[in-house]
Amino acid sequence: MSPENGAGPDARGRHSAPTAADAADPVIAAARAWLGQDPDPETQGELRPLVSSAAAGDPEALAELHARFDERLAFGTAGLRGAIAAGSNRMNRVLVAQAAAGLAAFLVARAPEGTVPSVVVGYDGRKNSSVFATDTAALMAGAGVRAILLPRLLPTPVLAFAVRHLGASAGVMVTASHNPPNDNGYKVYLGGENEGSQIVSPDDAGIAAEILRVAAERLVPELPRAAYETAPESVVQAYIEATASLAAPPRAQVNAVYTALHGVGWDTTRRVLEAAGFDLPTLVDAQIAPDAAFPTVAFPNPEEPGAMDLSYATAREAGAELIIANDPDADRLAIAIPDADSPDGYRRLSGNEVGAILGWRAAEIAANSPEGPTGTLACSIVSSPALASVATAYGLDFVETLTGFKWVSRAPALIFGYEEALGYLVNPAVVRDKDGISAALAFLALAGELKADGLTVADHLDRFSERFGHFASGQISVRVTDVAEIHRVMARLRANPPKLVGSIRVDSIDDLSQGVGGLPPSDVLRIRLADGSRVMVRPSGTEPKLKVYLDTRSSIGTVPERKAAAEATLADLDRGMRALIA
């Protein structure tokens, strides 16, 4: 009997007979079966009254059961991510147990004969992260995998580092990054030939198949558990030393402010900065300690309105020259600089602005190396074309990838990679994922060198515009309650491709769903315009959003004239795309 369908054991492990209500709607029986294998009293407690109400004929309770059980939270290249609650379409200990057992089966099956595969498991400060991580370690050990749990809650980049540092077959990070407070997730990395990058196809499908097999054939209480190892603190110290080595002490120290947004970034960031010889920043005290409730922000993402308000206030008090923000698992970095025209006194730089000047820094370092300028700059297809201009100017290779660091990190001979959603990879030799801590160090080092030369970050951005042209980027993000609406918009754009976006003529449209230019198939439309501008349209991979990315460039006139021209075109494109997707 499948543990997810039909009657099953109740909350005490006893099998309950199907009721008339169960027969009338099988979702009730599926929920009863789920209750019987759920080890979590909290999710048991929320599901049991729903089942009782649905069985008694409550239509709202029945609808809620269907929302939780009609589908299963899909495992893919982004792993798992969703709201913590009972049900196959939510994040919970049942789903995590099945994922752990399925991943273990995948690793055992592909391990060379006579070898034992290994996995290192990390977790952040979100609700249930430590529980999901210890469940994973124990279950994978029980399935014959050498399981190593990181010693405490730590940033995602430390886990990505540990996969390579320990030579592990795989890594699991329990985090939902910058998602809403009640979400959690499960990111999977592979070692060996994957070099510690996140999973991609076809490995995601292979793991997913094993997870579904476990869910169909085994009850969670039947899955064996065994003792796992705990990694020594020396693993964390090795990450700190490797990261600190990226920058020499600056010729001038920068007065900076730092916020962790209630995440796990500060302790590791502090130790990296100290080891590298940088002054410690002023802290946003209310947001510095891990707190799963994220009490001072509506949404713990530095890109969201209001998320950095406390850091702006702290920076005004401190007269700061720079604001550094990590997202809750510290794999992303946000930067803000003084701006007299902003009501806050500071302006958050876009991911494209930070990516462009960090990429320029990487190109300069490569150009000054004894071997000369070699290597690859890479970014996702929805990131600004600015990085391509840097690569061309320095004689470096340039690679565009699908969205996500699982792709960016795999660019050959990579020396720097980024994506516009505040993700930067500045140390690919040791970490094959975005890393908000090493990126923060690199940016501080750049700001310190600029200060020593009497320049600011704003000056440096103008120097970029003068040398490479001014690139302006914008984004339209539409959150929906019905994901089907996103598919309807994409279908409409494919069926009736626009001839104009705003007042600008469309030159061509690439439908990446069939794969274009060597890229794997992806649900993305790339619209190229007659003036050289570009529009990308895609569904979000982690949230119920439709995302539109707008990119323009001007290289004519003075820097102020270039800015004005690029921004005017950007506004035209924004108006046009909002009308098209309305």
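Numbers here simply count residues along the sequence, with the first being 1.
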- Asp433 side-chain N/O to Ala160 backbone N/O, donor-acceptor pair under 3.5 Å: no

Q: Please check if the side chain of Asn326 supplies one atom and the backbone of Arg332 the other of a donor-acceptor pair under 3.5 Å.
A: yes

(message) Closer than 3.5 angstrom, by distance alone: can the side chain of Asp124 be matched with the main-chain N or O of Asp329 as a donor-acceptor pair?
(response) no

Scanning both residues in full, the closest heavy-atom pair of Val257 with Ala320 reads CG2-CB, 3.8 Å

Minimal heavy-atom distance between Leu261 and Pro302, with the atoms involved, is CD1-CD, 3.6 Å

Do Arg93 and Gln98 meet the criterion of a side-chain donor-acceptor pair at a distance under 3.5 Å?
-> no

| said: Can you confirm whether Glu195 is buried at CD, in the sense that more than 12 heavy atoms of other residues, nucleotides or ligands lie under 6.0 Å from that atom? | reply: yes

Exercise. Hey, is the main chain of Asp344 close enough, under 3.5 Å, to the side chain of Arg316 for a donor-acceptor pair?
Worked result: yes

Strictly distance-based, threshold 3.5 Å: is any side-chain N or O of Arg126 a donor or acceptor partner for the main-chain N or O of Ser177?
yes

Residues Ala61 and Ala54: closest non-hydrogen pair is CB-N, 3.6 Å

- Query: Can you tell if the side chain of Val537 reaches within under 4.5 Å of the side chain of Val524, non-hydrogen atoms only?
  - Reply: no

- Ignoring hydrogens and angles, state whether a donor on the side chain of Ser350 or Asn352 is under 3.5 Å from an acceptor on the partner side chain. no

For this session: Answer yes if the side chains of Thr314 and Ser311 hold a donor-acceptor pair under 3.5 Å, and no otherwise.
Result: no

Hits for side-chain contact (heavy atoms from CB on, under 4.5 Å) against Thr296, two or more places apart or cross-chain, chain-then-number order -> His262, Ala286, Gln287, Leu310

Fill in: Pair Asp551-Val535, side chain to side chain contact (heavy atoms under 4.5 Å, CB included): steps then yes or no
CA-CA 6 Å; Asp551 287 287; Val535 176; over 6 Å; no

**Request:** Would you confirm whether Thr376, through its side chain, and Pro412, through its main-chain N or O, come within 3.5 Å as a donor-acceptor pair?
**Result:** yes

Check your understanding: Can you check side chain to side chain contact (heavy atoms under 4.5 Å, CB included) on Leu425 and Phe416, steps first, answer last?
Key -> CA-CA 6 Å; Leu425 175 48; Phe416 172 78; 5.9 Å; no

Do Leu80 and Met91 come within less than 4.5 Å of each other through their side chains, counting heavy atoms only? yes

Would a distance-only check, ignoring hydrogens and angles, find a side-chain to backbone donor-acceptor pair under 3.5 Å from Arg68 to Ala86?
-> yes

Check your understanding: Between Thr569 (side chain) and Ala565 (backbone), is there a donor-acceptor pair under 3.5 Å?
Key -> yes

Main-chain N/O of Asp40 paired to Asp38 side chain as donor or acceptor, under 3.5 Å | yes

Next on the checklist: When you compare the side chain of Ser342 with that of Tyr312, does any pair of heavy atoms fall below 4.5 Å?
Outcome noted: no

Let me have the donor-acceptor pairs involving side chains of residues 503-518, under 3.5 Å, with sequence neighbours excluded, atom names and distances please.
unit_1 : atom_1 : unit_2 : atom_2 : d
Ser503 : OG     : Asp572 : OD2    : 2.4
Arg505 : NH1    : Asp507 : OD1    : 2.9
Asp510 : OD2    : Arg526 : NE     : 3.1
Asp510 : OD2    : Arg526 : NH2    : 3.3
Asp511 : OD1    : Arg494 : NE     : 3.2
Asp511 : OD1    : Arg494 : NH2    : 3.1
Asp511 : OD1    : Ser513 : N      : 3.0
Asp511 : OD1    : Ser513 : OG     : 2.8
Asp511 : OD2    : Arg494 : NE     : 2.8
Asp511 : OD2    : Ser513 : OG     : 3.3

Looking only at atom types and distance, does a side-chain atom of Asn92 sit under 3.5 Å from a main-chain N or O of Leu95, one as donor and one as acceptor? yes

Nearest heavy-atom approach of Tyr123 to Met173 is C-CE, 3.5 Å

Between Gly122 and Leu150 the two heavy atoms that sit nearest each other are CA-CD1, 3.9 Å

Shortest non-hydrogen pair, Thr77 vs Lys406, comes out as OG1-CE, 2.9 Å

message: Any non-hydrogen side-chain atom of Leu349 less than 4.5 Å from a side-chain atom of Leu461?
response: yes

Run the salt-bridge test on Arg562 and Glu567 with the 4.0 Å N-O cut-off and return the result as yes or no.
no

Original post:
Once the angle between the rings of Phe468 and Trp360 is folded into 0 to 90°, is it parallel (under 30°), tilted (30 to 60°) or perpendicular (over 60°)?
Top reply: perpendicular

Start with the C-alpha gap between Asp435 and Asn427, add the side-chain angles, then the distance that decides, and say whether side chain to side chain contact (heavy atoms under 4.5 Å, CB included) holds. CA-CA 8 Å; Asp435 182 347; Asn427 195 15; 5.8 Å; no

